[in-house]
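Since the structure comes first, as structure tokens, the remarks are kept for the end.
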Amino acid sequence: MASPAKDEAPVAVAIAVEAPMPQRSGADGVRLLATPTQAAQGTGKFSSGLCDWPSDLLTCIVALKLPAVLFAQNQRRAFPGTNGCEWLLRYIVVSVLVFMAVCFAIFIPMAFAYGDDFVDMDEEAVLFPIFGVAGIAMIAWLVTFVGGRRAALRAKHGIAPSVVGDVCTHLFCHPCALAQEARHIEFEERRTLAAAAAVLEAAGQPAPEMARLAEPLPAYANSA
């Protein structure tokens, strides 16, 4: 009779995982989605607003001063198994390559077209439009790239898609968008850990390490 008792614990854990997650909110600041099905339907939203910078000044400062670093950190945390350095290189190196490629794509044909007169042309009259077009191309690439990653974050966490909105958000307020994504990733990490701790507790398997990780959510998450 001892062996059947040992087999019951894993079954209880499986049932707890498949069952709908209860919603909790209040002083502990921990809130769980109702069901995994609702998350897949894209009915959620970001845990904080785009302009909730007063609640998390440190992240906003990093987003303003080192946007590439925060972007790479967000991708590494939101998509485990990916390399943060790889995202950092994509953000910086590819942007620089796009800028240089556009510069050369304009500069070389102009040099051949004007021939010897190209050397006598005013530098500002030549370089300003070249750098302007290259800068626009680099910004277009960058906002498309980071906007696509924001769309991937929405898809993973069940947030309603908005491709045009994601690109425009990064175009007009890139640091604010990065900071919002960082706050939401932290919220989801805490929520996942709290859900895992609740499952283990329901199965009668105490997990003190999970209880330590499932700390109360930051203040900005309580306003979502």
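This structure is a prediction, so every number in the text was calculated from the model and none was measured.
Ala140 approaches Thr144 most closely through the heavy-atom pair O-OG1, 2.7 Å. Between Ser55 and Arg183, the closest heavy-atom pair is OG-CD, 4.4 Å. For Cys85 against Asn83, the heavy-atom pair with the smallest separation is N-OD1, 2.8 Å. Annotation for Ala177 and His170: closest pair CB-CE1, 3.5 Å, computed over non-hydrogen atoms. Across all their heavy atoms, Leu70 and Ala63 have their closest contact at CD2-CB, 3.4 Å. Considering every non-hydrogen atom in both Thr59 and Ala182, the closest pair reads CG2-CB, 3.8 Å.
Cluster annotation: Leu171 is not connected to Phe99 through the hydrophobic network of ILVMFWY side chains, with a link wherever side-chain heavy atoms come within less than 4.5 Å. The hydrophobic clustering, which links ILVMFWY residues whose side-chain heavy atoms are closer than 4.5 Å, places Val102 and Phe107 together. Residues Phe131 and Ile106 fall within the same hydrophobic cluster, defined by Ile, Leu, Val, Met, Phe, Trp and Tyr side chains chained together at heavy-atom separations under 4.5 Å. Residues Ile92 and Leu64 do not share a hydrophobic cluster, clusters being chains of Ile/Leu/Val/Met/Phe/Trp/Tyr side chains in contact below 4.5 Å. Cluster membership check: Leu97 shares its hydrophobic cluster with Leu89, using side-chain heavy-atom separations under 4.5 Å among Ile, Leu, Val, Met, Phe, Trp and Tyr.
Here Leu178 contributes atom CG and Leu66 contributes atom CG; the two are 11.0 Å apart, rounded to the nearest 0.5 Å. From Arg77, atom CZ reaches atom CG of Leu153 across 11.0 Å, with rounding to the nearest 0.5 Å. Taken to the nearest 0.5 Å, the SG atom of Cys103 stands 9.5 Å off from the CE atom of Met138. For the atom pair OG (Ser47) and CD1 (Ile159), the distance works out to 7.5 Å, reported to the nearest 0.5 Å. In this structure, CZ in Arg191 is found 10.5 Å from CG in Leu193, a value given to the nearest 0.5 Å. Between the NE2 atom of His157 and the CZ atom of Phe46 there is a distance of 9.5 Å, given to the nearest 0.5 Å.
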- Task: Tell me, with the steps shown, if Cys60 and Lys65 meet side-chain contact (heavy atoms from CB on, under 4.5 Å).
- Result: CA-CA 9 Å; Cys60 292; Lys65 300 294 184 180; over 6 Å; no
- Task: Could you go through the side-chain contact (heavy atoms from CB on, under 4.5 Å) check for Val143 and His174 one step at a time?
- Result: CA-CA 8 Å; Val143 297; His174 183 50; over 6 Å; no
- Task: Begin from the C-alpha positions of Arg154 and Asp166 and carry the test salt bridge (charged side-chain N to carboxylate O under 4.0 Å, His left out) through to its verdict.
- Result: CA-CA 10 Å; Arg154 285 176 177 270; Asp166 291 337; 2.8 Å; yes
- Task: For the pair Met110 and Ile130, evaluate side-chain contact (heavy atoms from CB on, under 4.5 Å) and give the outcome as yes or no after the intermediate values.
- Result: CA-CA 10 Å; Met110 286 182 62; Ile130 292 178; 4.1 Å; yes
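Residues meeting the side chain to side chain donor-acceptor pair (under 3.5 Å) test with Ser95, sequence neighbours left out: Trp141. Residues meeting the side chain to side chain donor-acceptor pair (under 3.5 Å) test with Thr82, sequence neighbours left out: Trp87.
In this structure, Phe79 places its CZ atom where more than 12 heavy-atom neighbours from other residues, nucleotides or ligands lie under 6.0 Å away. Enclosure of atom CE in Met100 is not indicated, since only 12 or fewer non-hydrogen atoms of other residues, nucleotides or ligands lie within 6.0 angstrom.
A donor-acceptor pair is defined here as one N or O able to donate and one able to accept, closer than 3.5 Å; no such pair exists between the side chain of Asn74 and the backbone of Phe71.
The shortest distance between side-chain heavy atoms of Tyr91 and Pro67 falls below 4.5 Å.
Tested against His184, the residues Glu181, Glu188, Gln180, Glu186 include a single side chain to side chain contact (heavy atoms under 4.5 Å, CB included) partner, Glu188.
No cation-pi contact links Arg150 to Phe145, judged by a cut-off of 6.0 Å to the six-membered ring centre and 45° from its axis.
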